[in-house]
Structures are given as structure tokens and as C-alpha cells.
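As C-alpha cells, the structure follows; a few thoughts come after it.
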Amino acid sequence: MPEPVTRTVCLLGFGNVGRRLCELVARNDDELAERHGLRLRFVAVGTAAHGSLLAPAGISAADVLELATDPAGGRRAFPEPVRLGVELLLASGADVLIEATPLDPHGGRLAIAHLEAALGHGADAITVNKGPIAWDYRRLSTLAAAHGRRLLFEGAVMDGCPVFNLFRSCLPDCRLLGFEAVFNSTTNFILDAMGEGVSFADALAQVQAAGYAEADPSHDIDGHDAAAKVAALANVLMDAGMTPDDVPKDSIRAVTPERIAAARRAGRRLRVVCTARRDGGGVSGAVRLTELVAEHPLFSAGGSTLSVLLQTDLMGTVQIAEIGALPEQTAYAVYSDLLALHESR
Ligand SMILES: NC(=O)c1ccc[n+]([C@@H]2O[C@H](COP(=O)([O-])OP(=O)(O)OC[C@H]3O[C@@H](n4cnc5c(N)ncnc54)[C@H](OP(=O)(O)O)[C@@H]3O)[C@@H](O)[C@H]2O)c1
């Protein structure tokens, strides 16, 4: 059997997703080498406040996890001081950047700078951070093409569930006319827990403890995360050229238990529903608190079950659902993007 090809990785962000990715790669190291002829070696890992790792010779995912875990099984900072992401990436000479830092709902500049540095310096880029796709997709995809690099982002919307890949690979010649979706687990959990009599604050604490909420939960609660997903999906699949600022959004802060209870009594569910549709010459999107009737195909989306209805010209409406979205699924999105990169070379 030929020697596996080694690809070197710079991972920016070692939180829920970054750690799960290392666990997944560590578990599948042999599978990657034997079945796919791919060996992944980490040359850099960056965090905001837990040190950094720079190992230009490359270490395995299992070694990254060992460095980041103390003898009691808790988290340990990486050995070197925190460094700027771009500096770390360039010093590492990585073949692939994995962007897994938190969403910046006001322009996504930092993550965009990470991707620009990668694509401009000969590396491919994978992002689970939806910010760059929501704010700057056209320019970044043009930059990738100009440098003969790839920009992949399956995890940016609905975690590891193939939304971008399914539409682009399995629905040839279809034009996306619009979509309707429940994209945010955090607001699902909070609305449902409030319907069971749990306070807003306690419901939020539960969902944060489970690792679903964005680092700053106001991004979920006030619709910024959902608006970024609307813009990302519309930019990629509808060439919308929009940003999250173009998407009007409802917050769930003002929702009362009484409103949720009244919806329930009427056999309805309150959900944060994301939409986009072609509108004249352009595309418009929205994030709206909506009461879904039991017959609606999105009615069963709740908790960590997310779903999107893709309205197409040739294939009618296609529904995609992800049952039980967890950070592990987002890590899988990166894993599948890494394989796609490897197999396209
Ligand atoms: N969690 C999910 O299920 C999920 C699903 C889909 C998409 N995503 C997206 O994936 C990304 C990561 O999510 P997560 O849940 O893993 O977030 P997280 O747990 O908050 O982790 C974020 C990581 O990024 C690091 N970081 C923050 N600023 C940084 C900077 N300037 N340079 C380098 N590292 C920096 C943090 O450092 P410290 O460790 O020092 O804090 C932390 O390690 C987000 O954009 C999120 O929207 C997450």
C-alpha cells in the first residue's frame, strides 16, 4: 500500500468543536490512513486565552488532546503563549486552516482575516464559523479560486448535516427559489423549556452547559446566529450577496410563558423560523418568531432537531432534517470537508 499523504493542519479555536474534531480524528487516524491514504498532522492550534501550540514538524490529534488535558482529565492550556491567529497560521506553514473561533455577529472580521491569510498563502481553508460565509462569501470564494485553493464550510449551517453538499451535488440544474428553516437549537430549547415552566435564565444556563449556545448567547437569543445562517445559505445557494445586516430578525427576549402556553393550547409551536426567497431581482431573508401549526413540515423541529425546506424549481420542495445536533456533528462536518479536500487533489 502506498504511504499515506500527510496534510498539515492549523486549527484556530479549541472549544466544543475544535476538541471534538481532534477526538474524531484521533479515533479515526488508522481509518484515514488505510482507507483514504490521508494522514493528518497538527502544526498549530490557537485559542483566545488557553495558550497556543506551534509544532511545525506536526503532531497527531491524540497528542494535541494529551497536551490539552491535565492528569485529572480537565482542560490544560497549550504550552506556548497565545498568539494572533494569522501569525500562528503563517509560522506553522499549514496546508489547511480550520477556522473554529466564535461567531462575530458584527462583521466577522477576525475569522475573515484568518481565511484570507490561509487562501492568500497557499493553504486551503475550512470554516465552521459561519461569519465569513455570511459576510464575505463572494470575495473569499473569488480569492480561493484566484489562488487555486478551496474554501469549504459544510459545518457553517446545520452542523454536519449535508445542506450545501446535498444541494450542490445531488440536485443538478435545480435553482433554489427559497427556503424555510428552523436553524437554532438554543432558541428551540429555551422556548420549549419555558413552555414547561422553566425560567428564561435557567433554560439558557441548561443549554449553555450542554454546549449548544454560542460563546455569547445573545447571538442566539437576538437572532444574530440565525440571520448569519440565512445569509450564508442564501449567499452560497442563491448568489444573494447579502449580509446578516440585510436580514430583519426577532429576539426571543420578550417572549412570555403565557404566549408559549397560548400557542400550545391552540396546538401550535413557537419557533424562530428563518426564510429567504427570490424577490424581484434579488433575494430577501428574515428571522421571525412564528407559530407553526401541527401540519407544517417544520413543526417537529425542536430541541436539537433542526430542519430546512429547500424550495426548488425542478425538484419541488426537499426537506432535510438533522436529528440531535451536537458539537460532534459539527466536528464531522470538518472531517468530511477534510476528506473532500484530500480526494479533490
Ligand atoms: N458548538 C456547535 O455545535 C457548533 C455548531 C455549528 C457551528 N459552530 C461554530 O463553530 C465555531 C466554534 O464553536 P464552539 O462551540 O467550538 O465555540 P467555543 O466552544 O466557544 O470555542 C471557541 C474557541 O475559539 C477560541 N478563540 C476565540 N477567539 C479566538 C481567536 N481570536 N484566535 C484563536 N482562537 C480563538 C476560544 O479560545 P479559548 O478556549 O481560550 O476560549 C475557543 O477555544 C463557532 O463559530 C460556532 O458558530 C458551532
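Positions are given from 1 along the sequence. Atoms within each ligand, like the ligands themselves, are counted from 1 in listed order. Predicted model only: the values in this text are computed from it and were never measured.
Note on ligand 1: Ala100 sits in its first shell, one or more heavy atoms being nearer than 4.0 Å.
For a threshold of 3.5 Å applied to N or O pairs, the pair formed by Gly15 and ligand 1 contains at least one separation below that value. For a threshold of 3.5 Å applied to N or O pairs, the pair formed by Gly18 and ligand 1 contains no separation below that value. At under 3.5 Å, a nitrogen or oxygen of Ala48, whether backbone or side chain, sits near a nitrogen or oxygen of ligand 1.
Considering each of Pro327, Ser304, Gly108, the one bringing a non-hydrogen atom nearest atom 3 (O) of ligand 1 is Pro327. In this structure, of Thr101, Asn16, Leu110, the residue bringing a heavy atom nearest to atom 31 (N) of ligand 1 is Leu110.
The environment of CG in Asp313 is crowded: more than 12 heavy-atom neighbours from other residues, nucleotides or ligands sit within 6.0 Å. Residue-environment remark: OH (Tyr332) stays at or below the threshold of 12 foreign heavy atoms within 6.0 Å.
Exactly one residue among Asn184, Ile252, Ile190 makes a side chain to side chain contact (heavy atoms under 4.5 Å, CB included) with Val272. That residue is Ile252. When each of Asn188, Val163, Val157, Leu298 is checked for a side chain to side chain contact (heavy atoms under 4.5 Å, CB included) with Leu306, only Asn188 meets the rule.
Nearest heavy-atom pair, Glu66 versus Arg76, reported as atom, atom and distance to 0.1 Å: O-NH2, 3.0 Å.
With ligand atoms numbered from 1 in the order given, ligand 1 contributes 23 (C), 42 (C), 43 (O) to contacts under 4.0 Å with heavy atoms of Phe14. Near Gly155, meaning under 4.0 Å from any of its heavy atoms, are these atoms of ligand 1: 6 (C), 7 (C). Near Asn129, the atoms of ligand 1 lying under 4.0 angstrom from a non-hydrogen atom of the residue are 45 (O). Using a 4.0 Å cut-off to heavy atoms of Pro102, the atoms of ligand 1 that qualify are 22 (C), 24 (O), 26 (N), 27 (C), 28 (N), 44 (C), 45 (O). The ligand atoms of ligand 1 that sit less than 4.0 angstrom from a heavy atom of Thr330 are 2 (C), 3 (O), 4 (C), 5 (C), 6 (C), 7 (C). Heavy-atom proximity to Asp159, at under 4.0 Å, picks out these atoms of ligand 1: 5 (C), 6 (C). Atoms of ligand 1 lying under 4.0 Å from any heavy atom of Gly46, numbered from 1 in the order shown and given with element: 33 (C), 34 (N).
Ranking the protein heavy atoms by distance from atom 48 (C) of ligand 1 puts Val17 CG2, 3.6 Å first. Atom 38 (P) of ligand 1 has its closest protein heavy atom at His50 ND1, 3.4 Å. Summary of contacts: the protein heavy atom closest to atom 24 (O) of ligand 1 is Gly13 CA, 3.3 Å. Protein heavy atom in closest approach to atom 47 (O) of ligand 1: Glu214 OE2, 2.7 Å. Of all protein heavy atoms, the one closest to atom 20 (O) of ligand 1 is Ala215 CB, 3.7 Å.
Residue contacts with ligand 1, taken as heavy atom pairs separated by less than 4.0 Å, involve Arg75 solely via side-chain atoms from C-beta onward. At a heavy-atom distance under 4.0 Å, atoms from both the backbone and the side chain of Thr47 approach ligand 1. For Lys130, every heavy-atom contact with ligand 1 shorter than 4.0 Å involves the side chain, none the backbone. Residue-level proximity to ligand 1 for Val128 is carried by backbone and side chain together, each with a heavy atom below 4.0 angstrom.
Note on Leu177 and Val273: separate hydrophobic clusters, where clusters join Ile, Leu, Val, Met, Phe, Trp and Tyr whose side-chain heavy atoms are under 4.5 Å apart, directly or indirectly. Linking Ile, Leu, Val, Met, Phe, Trp and Tyr whenever their side-chain heavy atoms come within less than 4.5 Å puts Val45 and Val128 in one cluster. Residues Leu97 and Val82 are members of separate hydrophobic clusters, defined by side-chain heavy-atom contacts under 4.5 angstrom among Ile, Leu, Val, Met, Phe, Trp and Tyr.
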Worked verdict on Arg149 versus Asp95 for salt bridge (Lys or Arg N to Asp or Glu O under 4.0 Å): CA-CA 10 Å; Arg149 295 288 124 196; Asp95 299 327; over 6 Å; no
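Side chains of Arg277 and Gln311 form no contact here, defined as non-hydrogen atoms less than 4.5 Å apart. Side-chain contact between Cys274 and Lys229 is absent, with no heavy atoms from C-beta onward closer than 4.5 Å.
With hydrogens and angles left out, the side-chain atoms of Asp216 and Ser218 include a donor and acceptor closer than 3.5 Å.
Cation-pi geometry between Arg269 and Phe299 is met: under 6.0 angstrom from the ring centre, within 45 degrees of the axis.
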